[in-house]
2 protein chains.
Amino acid sequence: MADISERKKKILAAVVDEYVATAEPVGSKLLAEKAGLRVSPATIRNELAELTGMGYLAQPHTSAGRVPTAKGYRLYVNELMERKPLSDEEARTIDSSLAQRSGRRERMIGDAGRLAAELTNYPALSMSPAGADTVERFDLIYVDANTFIIVLLMRSDTVRNKLVRLPFSVEEAMVRKICTVFNANFCGVTEAEITPSRISAAERAVDDSMGLVAVVAGFTIEALAERGGTQATLTDGAKLLRLPEFRDPDKAHSLMSYLSDAENLRRLPSVSVPGNDDIKVLIGPENVAEELRDSSVILAKYDAGDGVEGLIGVVGPTRMDYSVLAAKLSYIAEGLSKALAGGASGALPGFGKLMIPENNLQNMPEKRTE
Amino acid sequence: MADISERKKKILAAVVDEYVATAEPVGSKLLAEKAGLRVSPATIRNELAELTGMGYLAQPHTSAGRVPTAKGYRLYVNELMERKPLSDEEARTIDSSLAQRSGRRERMIGDAGRLAAELTNYPALSMSPAGADTVERFDLIYVDANTFIIVLLMRSDTVRNKLVRLPFSVEEAMVRKICTVFNANFCGVTEAEITPSRISAAERAVDDSMGLVAVVAGFTIEALAERGGTQATLTDGAKLLRLPEFRDPDKAHSLMSYLSDAENLRRLPSVSVPGNDDIKVLIGPENVAEELRDSSVILAKYDAGDGVEGLIGVVGPTRMDYSVLAAKLSYIAEGLSKALAGGASGALPGFGKLMIPENNLQNMPEKRTE
DNA sequence: ATTAGCACTCGAAAATAAAGAGTGCCAGCA
DNA sequence: TGCTGGCACTCTTTATTTTCGAGTGCTAAT
């Protein structure tokens, strides 16, 4: 890959930059002007022909300008592109947006996705692959004779709960006993380890003939299963339609349908690609899915705490400004990591910010500026 | 509106049916065959001309067939269309899909949306306008010296919680005291009623100098605000792109962008229209938003319990099969009402179904058949 | 009132023509 | 050997024209 002249690199970079900006195949004449080289179009043409032969460029038809191939983009991303730093203003926008909401973790991740979509003008996707979670502590709140609440404090510092209404009555002591048993036997346990036999054992231990233990265990399993799977969401898919490469409704439809299934999103980042590890770029055919063959995905890692890693990124055509997108996404990911570390699990969340008066005086729910 | 001959009605209905099916303007010859009338195309032409004059039909250009106007659709929806009952098979599909998931309320509503989208092949929207909620009961779970969990049991039978980590330590007694005070003073209270003065009073009552009361109050406000607003989501927006009327990418973009803002969705059903009250049909220009001017929305009411009403529906072009869509949506809405009433708040949720073994043996999360 | 007949309109699709951008290659020049 | 200007050629894009046909509105006859 390094067996490529300096001048060719410069030309390739210029082609990519130009094509990314205009979406039109770029020709020798334009390059002669724009690329910093002081050579004639004819010379450029020779170089272009060679680059095409090497597979970095392609031409839509015999008599058109050149367009980068996936291989061309790959080289560009790995070696050529200059890492553009964010403008101060953008950095500030991101900082403040992320600082604003120190709410629940899921919500912050969702918000980060929205932010990414807004800032990049591409559909954003956000994933939080919670590693196998476990219950840290069980609480059963006895409400009345036929109502109690299950509260699970998870190792991931999230809390799950469920209100249970019974068609018969139980005594508070019973609820307490169940709680104790669960805390003794099901803390730190993974989903797979909640076996029917262990449940029966617990049932015997508390002398439960009414299936209460089963209810609590069922909910626990549910909570673990939900946390165990990666959450993946797409924000603002409509933004695709603005792009010239998706003016063909069939293409747009195929891609958008594909992306609207969360299952597909989850599978997305499974490919491994050369290059930086904090930011992952999947270019066109590097994607496994047929539907993504002429689209690219840029993903940035963030740290969701406890060593769990999430991803936030954008989807778009192969023709994207990888350098600025990568910069923006890294910055967002970094900010998100900090926000999650600082806010959600560390010190008292937004202690200064959550104070009542301000919060309550602007009491219209969910006012977002867009 | 009733000043319209029986034959005209028949013809109008035929035009609508045909146009809905084919998306092509329909002409006199076809109508002469399809509509049950035993008259010649020429006669039909006369009638068509009159219907056009009355504003029920329009022709795209001088020499094309007729297309229903919004007014035409309105008449069709209100008087003409035959309420087609669902096929047994469809009914069964819906029943079983809804019965399957007896999870949390929000989840069920979301699932119903997905079901609607799948069954109708249109983007679905689901809204749950929870009326002003209040807290029924506060619980503070003391975890360790600098951690506790806030658990709010709401009147709507949902539970909200938050994990609080403190940068200093508190005693269990203190947490208990705060809990007592909140239960005494903030149960059944709306968001607006949580005033700074009441909070200060509570702070004095428990001798809180560290802002713990403020944290709990802040979370309470947040929970109330969130519940108070209508939740609205769109499922499967990509389905729009399959329709001929959205082959124009600009149209598609405009509508999809509009729909991807939840705020817009919330505003949607504010118009009141003539006709049945359980199912609401907004036809083209009856919609307030510019972006919806040549689209229609069909919404069915469901009962989310406690007299709170939600909506579930679909969005599409004005050319939709209102009768079958209305039927499907009513059925889903009805089923959802039952499911919510029976499962979530009534008896023990899915007592038989939630049993452990089956649930745990198929332990791959979220396997949905699609 | 209904119908057959017919001239007419107007869009969609097909056919044709013109324009333009960019290439590849060759021959000349440093 | 590498660069450059020149030039013929290719192939898309766009515009223009032509053709075709579906559907109408009107009139006159039943």
Side-chain angles (χ1 to χ4, degrees), chain A residues 3-12 14-19 21-69 72 244-245 247-249, chain B residues 4-12 14-19 21-69 72 244-245 247-248:
Chain A
D3 54 347
I4 177 175
S5 80
E6 212 47 47
R7 191 168 71 184
K8 280 197 180 59
K9 284 186 185 174
K10 223 166 183 170
I11 292 178
L12 176 55
V15 171
V16 172
D17 287 334
E18 193 60 28
Y19 182 62
T22 63
E24 304 275 310
V26 10
S28 55
K29 193 180 172 202
L30 192 71
L31 284 172
E33 293 165 12
K34 294 251 174 170
L37 319 168
R38 304 208 138 280
V39 289
S40 77
T43 313
I44 305 260
R45 274 205 289 280
N46 287 327
E47 296 283 50
L48 287 178
E50 289 184 51
L51 280 167
T52 308
M54 292 187 246
Y56 294 109
L57 295 178
Q59 36 190 180
H61 44 266
T62 336
S63 153
R66 299 308 207 288
V67 159
T69 60
E245 20 272 286
R247 294 203 72 79
D248 174 1
Chain B
I4 178 174
S5 79
E6 212 48 47
R7 191 166 72 183
K8 281 198 179 57
K9 284 185 184 175
K10 223 165 185 172
I11 292 179
L12 176 56
V15 172
V16 171
D17 287 335
E18 193 60 28
Y19 182 63
T22 64
E24 305 273 312
V26 11
S28 55
K29 192 177 172 206
L30 193 70
L31 284 172
E33 294 165 11
K34 293 250 174 169
L37 317 168
R38 304 209 137 281
V39 287
S40 79
T43 313
I44 304 260
R45 275 206 288 281
N46 288 327
E47 296 282 50
L48 287 178
E50 289 184 52
L51 280 167
T52 308
M54 292 188 243
Y56 293 109
L57 295 177
Q59 39 192 169
H61 43 267
T62 334
S63 150
R66 299 308 208 287
V67 159
T69 60
E245 21 271 285
R247 294 203 71 79
D248 174 1

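Protein chains get the first letters and strands the later ones, always in sequence-line order, with residue 1 at the start of each.
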- Note on the structure: Residue set satisfying side-chain contact (heavy atoms from CB on, under 4.5 Å) with B:S28, at least two apart, ordered chain then number -> B:P41, B:I44, B:R45, B:L48
- Task: Taking all non-hydrogen atoms of both residues into account, name the closest pair between A:P60 and A:A64 and its distance.
- Result: CD-CB, 4.2 Å
- 4.5 Å side-chain heavy-atom contact, B:I4 and B:L51: yes
- Item | Which residues share a side-chain hydrogen bond (donor to acceptor under 3.5 Å, both in side chains) with B:S63, sequence neighbours left out | none
- Encode nucleotides 11-21 of chain C as B, S and - characters from 5' to 3', where the letter depends on protein heavy atoms closer than 4.0 Å: B to the base, S only to sugar-phosphate, - to neither. S---------B
- Item | Pairing residues for B:E47 by the salt bridge (charged side-chain N to carboxylate O under 4.0 Å, His left out) criterion, not counting sequence neighbours | B:R7, B:K8
- For atom CD of B:Q59 and atom P of C:dC8, their distance in whole Å: 19 Å
- Please round to the nearest 0.5 Å and tell me the distance separating atom CG of B:L31 and atom CD of B:E18. 7.5 Å
- Message: Using a 4.0 Å cut-off on heavy atoms, which residues in residues 44-54 of chain B reach DNA chain D? List them by number, or say none.
- Response: B:R45, B:L48
- Which residues pass the side-chain contact (heavy atoms from CB on, under 4.5 Å) test with A:T52, sequence neighbours left out? A:L57, A:R66
- Task: Using a heavy-atom cut-off of under 4.0 Å over every strand shown, decide if A:A64 touches base, sugar-phosphate, or nothing.
- Result: sugar-phosphate
- Query: Using a heavy-atom distance cut-off of less than 4.0 Å, which residues of residues 24-34 of chain B contact DNA chain C?
  - Reply: none
- Query: Tell me, do A:P68 and A:Y19 make a side-chain contact under 4.5 Å, heavy atoms counted?
  - Reply: yes
- Message: Set out, in order, the CA-CA distance, both residues' side-chain angles and the distance that settles side chain to side chain contact (heavy atoms under 4.5 Å, CB included) for B:K10 and B:E6, then state yes or no.
- Response: CA-CA 6 Å; B:K10 223 165 185 172; B:E6 212 48 47; over 6 Å; no
- Query: By side-chain contact (heavy atoms from CB on, under 4.5 Å), which residues pair with B:S40, not counting sequence neighbours?
  - Reply: B:A42, B:T43
- salt bridge (charged side-chain N to carboxylate O under 4.0 Å, His left out) against A:E24, all qualifying residues, sequence neighbours excluded: none
- Note on the structure: Contact span of DNA chain D against chain A, any nucleotide atom under 4.0 Å from a heavy atom, 5' to 3', runs D:dC3 to D:dT12
- Item | Results of side-chain contact (heavy atoms from CB on, under 4.5 Å) for B:A58 - residues two or more places apart only | B:T69
- Note on the structure: On a heavy-atom basis, the closest approach of B:G72 and B:L12 is O-CD2, 4.1 Å
